[in-house]
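One-based numbering along the sequence shown.
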Amino acid sequence: MNEHEKDISRHIAMLMETCFKFNSPICQLHLIREKINARGYRPFDKVDMGELGRMQQLAGELHERMLKIYELIK
């Protein structure tokens, strides 16, 4: 495997690692939704919505990693 192929492989691995990190906030949002459905929205639920910010940050990382891979393979 040449250096360019190793670089592509390394960046794909980093992309996959970031994708796996995305699962936790999605699970948390599902739990928050279930709680709100069961008991209604409460003001303290707003704090839990910090997961949206975390997902936004991870989505930015995913986008950057995908662009890097795109640049490497074009």
The criterion is side chain to side chain contact (heavy atoms under 4.5 Å, CB included); which residues satisfy it with Leu62, sequence neighbours excluded? Leu15, Thr18, Cys19, Phe22, Met66
Is there a path from Ile73 to Met16 through hydrophobic residues (I, L, V, M, F, W, Y) whose side chains come within less than 4.5 Å of each other? yes
Can you name the salt bridge (charged side-chain N to carboxylate O under 4.0 Å, His left out) partners of Lys74, sequence neighbours left out? Glu71
Please report the interatomic distance CD1(Ile26) to CG(Leu31), rounded to the nearest 0.5 Å. 12.5 Å
Can you tell me if Tyr70 has over 12 outside heavy atoms packed within less than 6.0 Å of its OH? no
Enter the distance from Ile12:CD1 to Lys68:NZ here, rounded to the nearest 0.5 Å. 13.0 Å
Return each pair, listed once, that meets side chain to side chain donor-acceptor pair (under 3.5 Å) where at least one residue sits in residues 26-45; pairs must be two or more places apart or across chains. His30-Arg33, Arg39-Asp45
Leu52: partners by side chain to side chain contact (heavy atoms under 4.5 Å, CB included), with sequence neighbours left out: Leu29, Met49
Listed partners of Glu5 passing side chain to side chain contact (heavy atoms under 4.5 Å, CB included), at least two apart: Met1, Asn2
Distance check, rounded to the nearest 0.5 Å: Glu51 atom CD versus Leu58 atom CG? 9.5 Å
Listed once per pair and sorted, the salt bridge (charged side-chain N to carboxylate O under 4.0 Å, His left out) pairs that draw on residues 18-31, sequence neighbours left out: Glu17-Lys21
Do Lys6 and Glu3 make a side-chain contact, defined as non-hydrogen atoms from C-beta onward lying under 4.5 Å apart? yes
Contact summary for Ser24 and Arg54, nearest pair of heavy atoms: OG-NH1, 3.7 Å
